[in-house]
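Read through the structure below, which is laid out as structure tokens, and then see the notes.
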Amino acid sequence: MTTPRQRHRRGRLAAVGGLAAAALAITLAVPAQAAGSTLQAAAAETNRYFGTAMAAHYLNNSTTMNVVNREFNMITAENEMKMDAMQPNRGQFNWSSGDRIVNWARQNGKQVRGHALAWHSQQPGWMESMSGPSLRTAMLEHVTGVATYYRGKIHSWDVVNEAFADGNSGARRSSNLQGTGNDWIEAAFRAARAADPGAKLCYNDYNTDNWSHAKTQAVYNMVRDFKSRGVPIDCVGFQAHFNSGNPVPSNYHTTLGNFAALGVDVQITELDIQGSGNSQGEQFRGIVQACLSVARCTGITVWGVKDTDSWRASDTPLLFDGNANKKAAYNYTLDALNAGGTTATPGGQAGPQPTQQPTQQPTQQPTANPTTPPPTGGGTCTATYSEGEKWNDRFNGVVTIRANGNISSWTSTVTVRSPQRIIATWNASPTWPSANVMVMRPAGGGALANGQTASFGFTVQHGGNWTWPTVSCSAS
Ligand code: XIL
């Protein structure tokens with residue numbers, strides 16, 4: 001297992017010249033840097049994101065927003081991108097609340113999980129009363145309309161939410177959407193893929209955490225069927241709403257691992273756990289440990305910031321109290337992230353799009369900024385940026401190129417922002433189309449088999465601008 005930190009070390013040791021020696025000396029003098037001091041930084045140690053749900057009203061509360069900006073690098077709109085919010089009248093989309101959240105996220109270097117394109121709940125009134133073929137058409141128009149509008153801005157979409165029944169039946173939930181035919185789920189996924197080929201497409205549900213539960217098995221069987229028939233699904237979201245009647249199961253890592261083995265990413269998408277003190281903390285730790293034990297568990301999102309903002313506030317289920325103070329659960333979560341685990345290896349079907357340059361300097365940037373270009377011949381590649389060492393005047397970055405399918409070579413483009421300058425590189429050959437754009441090519445042979453990685457590094461003299469570079473790659 002190679003952690004990002006180890007990769008940085010390896011890159012640094014491969015560097016030549018006095019700069020590398022100076023870097024090594026400085027880093028050794030600051031050993032305390034090992035642990036991430038925020039959730040997003042600690043998750044980044046294993047190439048994972050850490051996110052939160054965010055309601056539009058958070059934007060009016062600077063205390064909450066400071067926490068969001070500091071701790072999280074993935075944002076889910078709590079309600080603002082649901083069907084009723086997005087299309088209040090048939091054919092009339094209302095993007096305003098969704099845009100406020102998506103724009104804030106992108107302007108602050110965060111990525112966005114889209115939630116949710118098709119769901120039996122929180123439908124607009126006009127849709128609730130529909131059925132049959134006309135509802136199927138309306139649902140597909142909604143999926144296409146929303147996914148097209150946000151195309152290129154969404155890391156992962158919850159394409160279908162909560163389509164299975166609770167209890168022991170393993171059946172689909174009865175709903176107006178289910179009434180349009182059993183194939184409504186795959187129809188939604190196909191429409192979403194056509195509308196935004198760059199977003200990961202997830203099925204999202206709750207009570208799917210315990211491997212032995214019928215609902216878990218039913219969703220598993222659907223995903224296995226979709227993968228075998230080529231229905232475009234990239235990820236499964238586990239909402240992870242826990243309370244005393246539905247505790248964190250001891251076999252959670254088994255559940256996540258078995259889904260991942262089907263060839264999908266798994267994500268914890270709406271985590272909240274009733275309780276307080278150390279016992280609540282221990283349960284958060286269990287979730288983090290389960291995710292970190294599965295390489296395709298690529299990130300965790302909690303369902304809100306402060307207990308008082310939670311949809312079930314009386315359960316005090318979040319990581320911050322009503323005054324935005326860190327709870328014991330926060331410390332357990334941070335420590336579990338810092339304890340490390342597998343390095344996350346997301347699948348290659350799709351990836352997040354580059355975010356706009358932040359208008360303000362974010363306190364932390366996302367660790368991963370992959371892009372997946374259209375196929376060029378055989379496979380494609382994904383470029384992921386990882387933060388390296390930092391000094392007063394400069395910082396190191398490492399780009400990992402991952403092959404999705406076999407590729408014979410790759411090129412990777414790194415864009416820095418004025419007044420930044422790249423002053424050193426290693427492990428690849430640079431060319432300079434313009435002052436702030438560097439194109440890297442393999443120093444030797446660039447062939448990579450499916451799943452293999454290569455990495456290169458560079459040093460940026462930042463001139464006061466700490467914005468992370470944008471990275472992308474294309475395969476041939
Ligand atoms: C919840 C929101 O948090 C509430 O504000 C809203 O009133 C109801 O929905 N599963 C989901 C989420 O997928 O969208 C739900 O969010 C919580 C359960």
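This one's a predicted model, so the numbers in the text were calculated from it and none came from an experiment. Just so you know, ligand 1 is whichever comes first in the structure, and atom 1 is the first atom listed for that ligand.
The line from CD of Gln267 to OG1 of Thr301 is 7.0 Å long, rounded to the nearest 0.5 Å. Distance check: Asn73 CG to Arg48 CZ gives 13.0 Å after rounding to the nearest 0.5 Å.
Nearest to atom 11 (C) of ligand 1 among the protein's heavy atoms is Glu270 OE1, 2.9 Å. When hydrogens are left out, the protein atom nearest atom 8 (C) of ligand 1 is Gln122 OE1, 3.5 Å; that is the closest non-hydrogen contact. The protein non-hydrogen atom at the shortest distance from atom 3 (O) of ligand 1 is Glu78 OE2, 2.5 Å.
Within a 6.0 Å sphere centred on CG of Asn168, heavy atoms belonging to other residues, nucleotides or ligands number 12 at most.
Among Tyr203, Phe238, Phe259, the one residue that satisfies the ring pair (Phe, Tyr, Trp, His ring centres under 6.0 Å) test with Tyr220 is Phe259.
Side chain to side chain, Asn210 and Asn251 meet the donor-acceptor criterion of an N or O pair below 3.5 Å. Side-chain N/O atoms of Trp311 and Asp272 include a donor and acceptor closer than 3.5 Å.
Considering Met81, Lys82, Glu162 only, the shortest heavy-atom separation from atom 15 (C) of ligand 1 involves Lys82.
With a heavy-atom cut-off of 4.0 Å, Tyr206 does not touch ligand 1 at all. Residue Asn79 touches ligand 1 through its side chain alone, judged by heavy-atom distances below 4.0 Å.
Heavy-atom proximity to Asn161, at under 4.0 Å, picks out these atoms of ligand 1: 11 (C), 13 (O).
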